Amino acid sequence: MVHFAAESHVDRSITGAAAFVTTNVLGTQTLLDAAHRLGIGRFVHVSTDEVYGSISEGSWTEDWPLAPNSPYAAAKAGSDLIALAYHRTHGMDVVVTRCSNNYGHHHFPEKMIPLFVTNLLDGRKVPLYGDGSNIRDWLHVSDHCRGIALALQGGRAGEVYHIGGGTELTNKELVGRLLEACGAGWDMVEYVEDRKGHDLRYSLDIGKSRAELGYEPLISFEQGLADTVAWYRDNRSWWEPLKAKAALS
Ligand SMILES: NC(=O)c1ccc[n+]([C@@H]2O[C@H](COP(=O)([O-])OP(=O)(O)OC[C@H]3O[C@@H](n4cnc5c(N)ncnc54)[C@H](O)[C@@H]3O)[C@@H](O)[C@H]2O)c1
């Protein structure tokens with residue numbers, strides 16, 4: 001069983017945390033109980049780098065203490081720890097993966113890259129938090145899925161594996177790349193009040209996954225971003241109704 005399901009948007013966890021605790025913590029425990037009862041083999045729990053909090057220099061290794069800051073990250077940390085507890089308590093075959101920021105096709109348009117790309121394709125402005133100095137590591141969704149498959153097949157029970165993308169960018173640098181890819185200028189950027197408790201930087205050390213799983217990100221950010229913008233340009237029928245329903249801009 002590979003468990004991806006979660007309430008996943010940090011901004012929504014700031015305005016209403018209840019669904020995040022219910023889905024991410026109770027939901028994960030419900031699935032773990034079901035897997036245990038049914039004698040399912042391996043259970044891979046998809047976690048996040050956000051469980052570590054923020055790091056100004058260097059990169060986190062898998063044994064770093066968890067210090068989440070947002071309600072989303074705290075609920076994911078709860079689910080991550082309960083998954084590992086089921087391994088230690090019940091001997092279940094659990095593997096946890098912690099990844100960096102995903103991007104790619106079919107990404108729900110509430111998240112930064114699809115929101116900004118779809119706004120720009122519509123000739124609408126994009127909202128940039130604070131001064132744009134926050135740093136994230138970008139991981140193409142295909143690399144993430146390949147990393148999860150490697151952990152499913154070759155990970156050791158009770159272990160945590162990092163899946164990173166190898167491209168660290170400030171949000172301002174990212175916006176520059178998005179503007180370029182969509183043929184727009186900086187006049188399309190609107191600076192908005194920073195996200196509450198906005199973590200400055202996330203950075204994963206992927207040495208363990210490289211050594212044990214043979215994991216390496218393969219898609220360059222340049223190629224991945226060009227493909228992503230092309231996908232959103234060609235697939236309006238997928239994202240337009242979603243964006244309208246969620247009233248996103
Ligand atoms: N996208 C990222 O950058 C990123 C980074 C790190 C970790 N993750 C983790 O990867 C996983 C997938 O993220 P995503 O970006 O695809 O998120 P997403 O919000 O796009 O998808 C989550 C899925 O979970 C489902 N879901 C939510 N609540 C549910 C419930 N109560 N019962 C059943 N299904 C429910 C949703 O319908 C949705 O299909 C999540 O666990 C997330 O925490 C994502």
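Whatever order the structure lists ligands and atoms in, that order sets their numbers, starting from 1. Bear in mind the structure is a predicted one, so any value in this text is a computation, not a measurement.
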Chemist: Return the residue, atom name and 0.1 Å-rounded distance of the protein heavy atom closest to atom 4 (C) of ligand 1.
Modeler: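 The protein heavy atom lying closest is Asn102 ND2, 3.8 Å.
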
Chemist: Suppose we measure from atom 30 (C) of ligand 1 to each protein heavy atom; which comes out shortest, and what is that distance?
Modeler: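 Sorting protein heavy atoms by distance from atom 30 (C) of ligand 1 puts Thr23 CG2, 4.1 Å first.
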
Chemist: Thr48 to ligand 1: N or O pair under 3.5 Å?
Modeler: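 It does not: no N or O of Thr48 is found under 3.5 Å from an N or O of ligand 1.
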
Chemist: List the closest protein heavy-atom neighbour of atom 12 (C) of ligand 1: residue, atom name, distance to the nearest 0.1 Å.
Modeler: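 It is Phe4 O, 3.5 Å.
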
Chemist: Might you point out which heavy atoms bring Leu32 and Ala83 nearest each other, and give the distance in Å?
Modeler: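 Heavy atoms of Leu32 and Ala83 come nearest at CD1-CA, 3.6 Å.
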
Chemist: Considering only heavy atoms, which of Ile113, Val46, Thr97 lies nearest to atom 9 (C) of ligand 1?
Modeler: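 Among Ile113, Val46, Thr97, the closest heavy atom to atom 9 (C) of ligand 1 belongs to Val46.
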
Chemist: In the protein, what heavy atom is nearest to atom 5 (C) of ligand 1, and what distance, to one decimal place, separates them?
Modeler: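 The protein heavy atom lying closest is Ser100 O, 3.4 Å.
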
Chemist: Please determine, by modelled atom types, if Glu50 and Tyr72 share a side-chain donor-acceptor pair under 3.5 angstrom.
Modeler: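 No - no donor-acceptor pair under 3.5 Å links their side chains.
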
Chemist: Looking only at protein heavy atoms, which one is nearest to atom 38 (C) of ligand 1, and how far off is it?
Modeler: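 Of every protein heavy atom, Ala6 O, 4.8 Å lies nearest to atom 38 (C) of ligand 1.
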
Chemist: Can you tell which of Trp138, Tyr72, Phe108 gets a heavy atom nearest to atom 43 (O) of ligand 1?
Modeler: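 Of the listed residues, Tyr72 has the closest heavy atom.
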
Chemist: Any heavy atom of Cys99 closer to ligand 1 than 4.0 angstrom?
Modeler: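 Contact check Cys99 vs ligand 1: positive.
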
Chemist: Counting heavy atoms only, which of Pro114, Ala5, Ser8 is nearest atom 25 (C) of ligand 1?
Modeler: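 That would be Ala5.
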
Chemist: Counting only heavy atoms not in Lys208, do more than 12 sit closer than 6.0 Å to its NZ atom?
Modeler: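 Enclosed: over 12 neighbouring heavy atoms sit under 6.0 Å from NZ of Lys208.
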
Chemist: Between His3 and ligand 1, find which residue part has any heavy-atom pair under 4.0 Å and reply side chain, backbone, both or neither.
Modeler: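 Answer for His3: neither.
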
